[in-house]
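Residue numbers run from 1 in the order of the sequence given.
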Amino acid sequence: MSALMEQPVAPAAPARREPVLRALVRNRSGLIGTVLTLIVVATAVAGLAGALPYDPSAQDVAAALRSPSGAHWFGTDQFGRDVFSRVASGLGSSLLVAGVSVAVSGTLGVVLGILAGYYGGVMDRVIGVLTNVLFAFPSLLLALALAATLDRSRQTVSVAIAVVYLPIFVRVARGPVLTLRSADYVTAATAIGQRRLATLFTHVLPNMRSIIVVQVTLTLSWAVLTEASLSFLGFGTPPPAASLGVMVYDARTLSSIAPWLLAGPGIALIVFVIGLNMFGAGLRDVLDPRSGGRR
């Protein structure tokens, strides 16, 4: 017995971090958000690919204002167009516009935020002034002004939304850089002669990935709402392309006799936004080691 007690004990193996996908599924918010987001994204992709039961723009006056049924899941509108097909097409348009705008604003905003936080000085002040100017305007008002100034198209809407959410990514990226630039491994990399730009990409940026990924998912939901709002006000995706905002606008006068016209695009927007927000919340719990990775 004493011999066993005297034997050296091997050090415990370090705890392995649970894979992100498995941890996300174990997270309640992450699981619900992932399921909702996948359903909506699959529907949007089907809309973009044209894999729909009906042509979203095809009119059939004889089938106008039919309630939901096996033939028309979400019913038909006043022109006999299938509402489900138009909702799917509108989701695809919203996802495309939101994806492009967030990709542009995220890439440019993260680069500017890193440069401002890491180099400081004049660069930080100039980028800070630009960010404060954009923050001074309400997001929807700024997007509306930009969309009204340019030609009405998907590209215009994407640019307007990208400009609106650019300062958010600048602020999100700049904050962590102010802390990371004084970390020991960054100081060591600079001491051994590594160039500052290389240090940014090899040491600073990888440690910000979780923050950026979570912000992208949250901003996507805001961008979808902004695109729908611009379309509702007449400055979004031009007809005859389907748009959720335009569908909601057109359904206002008919909602008393055909409530499915308003319910279809409205529910799609709600599910999409809630799904993205819950997915982002779950992803934040998983990627943030202080949260325990589960809720």
Show which side-chain atoms of residues 97-107 pair as donor or acceptor with protein atoms under 3.5 Å away, not counting sequence neighbours.
residue, atom, partner, partner atom, Å
Ser101, OG, Val97, O, 3.0
Ser101, OG, Ala98, O, 2.9
Ser105, OG, Ser101, O, 2.9
Ser105, OG, Val102, O, 3.3
Thr107, OG1, Ala103, O, 2.7

Contacts of type side chain to side chain contact (heavy atoms under 4.5 Å, CB included), residue [X], not counting sequence neighbours:
X      : result
Ile274 : Leu36, Ile270, Met278
Ala251 : Leu261, Leu262
Leu31  : Val25, Val35

Name all pairs fulfilling the side-chain hydrogen bond (donor to acceptor under 3.5 Å, both in side chains) condition that reach into residues 253-266, sequence neighbours left out, sorted by first residue then second.
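Residue pairs with at least one partner in residues 253-266: there are none.
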Return each pair, listed once, that meets side-chain hydrogen bond (donor to acceptor under 3.5 Å, both in side chains) where at least one residue sits in residues 76-88; pairs must be two or more places apart or across chains.
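For residues 76-88: His72-Asp82, Asp77-Arg81, Asp82-Ser85.
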For the residue pair Val213 and Val216, establish whether any side-chain heavy-atom pair is separated by less than 4.5 Å.
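Not in contact.
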Leu166 side chain reached by Leu108 side chain, heavy atoms, under 4.5 Å
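In short, these two side chains touch, coming nearer than 4.5 Å.
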Does Gly128 offer a backbone N or O that forms a donor-acceptor pair with the side chain of Asn132 under 3.5 Å?
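Checking the backbone N and O of Gly128 against the side chain of Asn132, a donor-acceptor pair under 3.5 Å is found.
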Test ring pair (Phe, Tyr, Trp, His ring centres under 6.0 Å) applied to Phe235 - qualifying residues, sequence neighbours left out:
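For Phe235 there are no ring pair (Phe, Tyr, Trp, His ring centres under 6.0 Å) partners, ignoring immediate neighbours.
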Taking only residues two or more places apart in sequence or in another chain, which ones pass ring pair (Phe, Tyr, Trp, His ring centres under 6.0 Å) with His203?
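For His203 there are no ring pair (Phe, Tyr, Trp, His ring centres under 6.0 Å) partners, ignoring immediate neighbours.
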Between CD1 of Ile168 and CH2 of Trp222, what distance do you get to the nearest 0.5 Å?
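Here the interatomic distance stands at 5.0 Å.
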Measure the CG-OG1 distance between Asn207 and Thr179 for me, rounded to the nearest 0.5 Å.
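Nearest 0.5 Å value for the CG-OG1 distance: 11.5 Å.
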Can you list every salt bridge (Lys or Arg N to Asp or Glu O under 4.0 Å) pair that touches residues 123-133, not counting sequence neighbours?
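Listed by first then second residue: Asp124-Arg174.
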Can you pull out every salt bridge (Lys or Arg N to Asp or Glu O under 4.0 Å) where at least one residue sits in residues 261-273? Sequence neighbours excluded, please.
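Sorted pair list comes back empty.
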Below 3.5 Å, can you tabulate the donor-acceptor pairs from side chains in residues 46-64 to any protein atom, sequence neighbours excluded?
residue, atom, partner, partner atom, Å
Tyr54, OH, Ala71, O, 3.0
Asp55, OD1, Ser57, N, 3.1
Asp60, OD1, Ala62, N, 3.4

For a quick test of your reading: what N or O donor-acceptor pairs under 3.5 Å do the side chains of residues 109-123 make, sequence neighbours left out?
none

